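The structure presented is a predicted model; accordingly, all values stated were derived computationally and were not measured. Note on naming: letters A, B, ... go to the chains in the order of the sequence lines (proteins, then strands), and numbering restarts at 1 for each one.
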Amino acid sequence: MKSAVTITVNGEPRTAEAEPRTLLVHLLREHLNLTGTHVGCDTSNCGACTVWLDGEAVKSCTLLAVQADGREVTTIEGISENGDLHPMQRAFHEHHALQCGYCTPGMVMTAIKLLEANPAPTDEEIRHGLEGNLCRCTGYENIVAAVRAASGVTV
Amino acid sequence: MATTAEHAKGIGVAALRKEDRKFLTGRGRFVDDLKLPGMLHMAIVRSQFPHADITRIDTAAAAAMPGVTAVLTGDDLEFAAGVPCASNPTGNMVHPVRPPLAKGRVRHVGEPIAVVIAGDRYAARDAADAVEVSYAELPAVLDVEAARADGAPKVHEELDSNVALVLTHRTDGIDDAFSKAEVVVEHTIRNQRLIHVPIETRGVVADWNTANDELVVHSSTQVPHFLRTFLAIVCGVSEAKVRAIAPDVGGGFGSKLNAYAEEFIAAAASRKVGAPVKWIEERSEAMLATCHGRAQVAHMQLAATKDGKVLGMRANYVQDYGSYLQMLTPLISQLTFLMSPGAYAIPEVDVKVTNVYTNTVPTDALRGAGRPEATHAIERMMDILARELGMSRTEVRRRNFPVEFPFTTAIGLMYDSGDYAKTLDRLLELSDDKETFERRRTEAAARGKLLGRGLSTWVEVCGFVPSDVARNALGLTPGGWESSTVRMHPTGKITVITGTSPHGQGHATSWSQIVETELGVPFDDIEVIHGDTAFAPYGLGTYGSRSVAVGGTAVHLAASKVRDKARLVAAQMLEASPDDLDFEGGAFAVKGSPDKRTTIQEVAFRAWQAFGMPEGVTPGLDETVFFDPPNCVFPFGAHGCEVEVDRETGKVEITGYIAVDDCGNVINPMIVAGQVHGGVVHGIGQALYEIAEYDSGGQLVTGTLVDYLIPSAADVPHIETHRTVTPSPTNPLGVKGIGEAGTIAASPAVVGAVCDALGVRDLDMPLQPETVWKAIQKGGAA
């Protein structure tokens, strides 16, 4: 039943045995011990599981691990370099854009891609860009502020 | 936002949070991140019927599946007690016994019937689906009307009826007030059933070491110490053998202020199979089986004079308890009862709460816990009264504010401090004047949009609770105090242990600021630990906006005790009298001889060496305080909301939101604003989007996040936050809670704005487009 899946995760090739039905998020969390990617729902609504697949933000609860075979995945553990926070992580810290921290990894992964696609978004564009990531703590106010700050756009 | 500080300088600074880095880098430790050697996974078979007798459970097929260790039913797991309820408002209310795993009968869809223990979560879930349960269906009651009807089927056969408890309070002059009234308004206001939806669901890892009968339970909980006590009682093990740990907790909002069947089942299953057992709730399970909130109807009457003075209030609430009593189920509507007059000096009241069992998920605390219900009802009534009188909504409120504080309400609560007109004035200053608004309203109408404005002037009771009040007025089993230890290490670094159990509130940061101010030590030298019963003195946890007023005060008092003791040691070191020492900037200095000084870190080292200590002074700087507050605290404020309603579709867009809150002195303004933002959006969720609904067969039709809508970033507005400062006299920090304020304030402001846009008296929440569109079709905004 199980077969080997090889994925380049955060720059390193990793191989794990997975059932055909194993979700990518479970492969990351349970086989590769990358527990920064979270699960918050079972309907792809919450976005807590967001990672990058070949550079695109995807919900890793909605992909089978085998679909990622031979491809590149980046998780929250892979975005800071030499212990320095990614500018988006820093912006989240400086703007109090997290409270319980559970949605945060997925939110950060989405937010970085949002700015790659639209480097100078309006607040409305930020809000629409984050629509697939749910947060129950912050009311989004400071998340929007953090993304705006990370974009360098001042209002 | 105020200027933030990476390395804080005490109380009042917008200190950036110490908690953040681990969460930002994916290094938090939530329950599902834990792996223990030999750990097995649990999946739960849940009732498919709202009321039924279980006639047969066939576990054979499941037990034979690959990877399955055990399939356990209510006959396999023995418990010494049922799922606990710690609230008995009258002292003589009957608590129906609920075994953690059903025995014989189930009373709501989703009630646990059997569990599968297997090597991984996929195998456990597969096998759970293979357990065959046969049921004999019983007639069910799914709402409070059906439950109260003559001859209604009883949820609990051993009780006289489905009415669990009635609370009343009536002042002598109430009938007089209504007979003297020039105006009486009457309305029924509904607080729909809601689901909490923290983004992390519940989860447990239970590890029962049968060799020495020690139980360690990691749980996503707001109350690890309560959980430990209840694990000991329900599982029949010495409390001294139980350790409960709340690791990082991904939000709670009241849903994790509980001790749940699943926590006891996981512990008992671990004992049975001799291995650690992990249970992680699926989201669809969370909707079905974690407690719900609100589910209350208020029949309200106000008696007033023509100039808007309220003479009396009749409030008749009906609360849906659901099928069982969870930890604090009866307390919630009791809090509605206590806060029924809201922010108004209403001299005469007649208040009644009727609490009813139904075959639905139990209800319990949800952000605000009874106070949003009370606030929504009284605030909507004030709008309705203003409409009846042709008076402005601000004026009718202003005419009924209490002026003198402390203020004792007709219910008997003593509001500790307040200046309600001040927050309202500030809100009005920040809002468009009437003329500007009316001009914009006319412009909007030209593009098919209906503009409206609403407000609420709210007050809440929080900072739970003096232990005498807990016992004598509320009928709670536990007291309401909080603990803290402040420990200076020989190297001068500090560990703060708190009995609060944060899950997003930033206590590591705020408590550090309190200690920094008290002891003059660097913010970065202070570590705060919480949530582990092995390290901490008993603590009551985080809920009911209690943490800063009770737990923060305990931290402050423990730090003060450390300073007082350090003064004695420093006096010895400096060969001076303790009274002759100044303490400033973390150092003691002899008055008039500032070069004769020693830092508190040096004192800590000396106290560890402990030679030549003053007479009667013990070694070490390590103080623990248990603080029992003398009163609750009563934060308040004024919120204003502007909406734009699409005349064609009924869609509501909130185009402006201003919050003016007063929570007394503030430890960290950045965190306070963040709590308000989150709270307001939770209230907007109730006002516009969220409702948990059962169909006529007792099935939850809003069982996923596809059907139950919590707000996304695109659904909510920019929220402007402002504050006034009226210190609390109740605690030495002068602080009040703020975690639930936004939720309490928001729903009436939003609903009031939509009603203003449409020119209608009231609308039932949630104001989804269909509801609003129908109101427009019926002539709203005609």
Quick one: does any side-chain atom of R136(A) pair with a main-chain N or O of G252(B) as donor and acceptor, under 3.5 Å? no
Is there a donor-acceptor pair closer than 3.5 Å between any side-chain N or O of R283(B) and the backbone N or O of V39(A)? no
Pick one of side chain, backbone, both or neither for V197(B), based on which atoms fall under 4.5 Å of a heavy atom in chain A. both
Taking NZ, NE, NH1 and NH2 as the nitrogens, is one of them in E6(B) or R90(A) under 4.0 Å from a carboxylate oxygen of the other? no
Mind ranking V108(A), I76(A), T75(A) by heavy-atom pairs under 4.5 Å with chain B and telling me who comes out on top? I76(A)
Please walk me through it: do N142(A) and H677(B) pass side-chain contact (heavy atoms from CB on, under 4.5 Å)? CA-CA 8 Å; N142(A) 289 342; H677(B) 298 147; 3.6 Å; yes
Are H26(A) and Y122(B) close enough that their ring centers fall under 6.0 Å? yes
Between D715(B) and R127(A), does at least one N-O distance fall below 4.0 Å, as a salt bridge requires? no
Answer with yes or no whether the side chains of Q99(A) and H503(B) bring together a donor and an acceptor at under 3.5 Å. no
I need the D42(A) CG to L705(B) CG distance, nearest 0.5 Å. 7.5 Å
Euclidean distance, L24(B) CG relative to H93(A) NE2, rounded to 0.5 Å: 8.0 Å
Are R29(A) and D33(B) close enough that some pair of their side-chain heavy atoms sits under 4.5 Å apart? yes
Find the distance between NE2 (H38(A)) and CD1 (I199(B)) and round it off to the nearest 0.5 Å. 12.0 Å
Looking at A673(B), G685(B), S712(B), which has the largest count of heavy-atom pairs under 4.5 Å with chain A? S712(B)
Looking only at E19(A), H128(A), E30(A), E124(A), most heavy-atom pairs under 4.5 Å shared with chain B are made by E30(A)
Taking every heavy-atom pair that is under 4.5 Å apart, which of V680(B), V676(B), I671(B) has the most such pairs with chain A? I671(B)
Among the listed options G679(B), P198(B), G250(B), the residue most often paired with chain A at heavy-atom distances under 4.5 Å: G250(B)
Residue pair Y140(A), V716(B): steps toward the side-chain contact (heavy atoms from CB on, under 4.5 Å) verdict: CA-CA 8 Å; Y140(A) 307 101; V716(B) 295; 3.9 Å; yes
Looking at C41(A), P105(A), G47(A), which makes the most heavy-atom pairs under 4.5 Å with chain B? C41(A)
Pairwise distance NE2(H682(B)) to SG(C137(A)) - rounded to 0.5 angstrom: 10.0 Å
So does R27(B) pair up with E77(A), basic N to acidic O under 4.0 Å? no
Part of T37(A) within contact of chain B (heavy atom distance under 4.5 Å): neither
Nearest 0.5 Å, please: how far is NZ in K22(B) from OG1 in T104(A)? 11.5 Å
Within this structure, what is the CG-CZ distance for the pair L85(A) and R21(B), rounded to the nearest 0.5 Å? 4.0 Å
What part of P717(B) lies closer than 4.5 angstrom to a heavy atom of chain A: side chain, backbone, both or neither? backbone
Taking only Lys NZ, Arg NE, NH1 and NH2, and the carboxylate oxygens of Asp or Glu, determine whether R21(A) and D126(B) approach each other closer than 4.0 Å. yes
Taking all non-hydrogen atoms of both residues into account, name the closest pair between R17(B) and L98(A) and its distance. NH2-O, 3.3 Å
Per-residue contact mode, I280(B) against chain A (heavy atom under 4.5 angstrom): neither
If I measure from the heavy atoms of chain B, does Y102(A) come under 4.5 Å with its side chain, its backbone, both, or neither? both
Chain A contacts, top residue of A713(B), G504(B), P711(B), G28(B) (heavy-atom pairs, under 4.5 Å): A713(B)
Part of D248(B) within contact of chain A (heavy atom distance under 4.5 Å): neither
Looking only at heavy atoms and a cut-off of under 4.5 Å, which of G742(B), A286(B), G674(B), G251(B) has the most pairs with chain A? G674(B)
Going by distance alone, is a donor N or O of one side chain under 3.5 Å from an acceptor N or O of the other, for H718(B) and E141(A)? yes
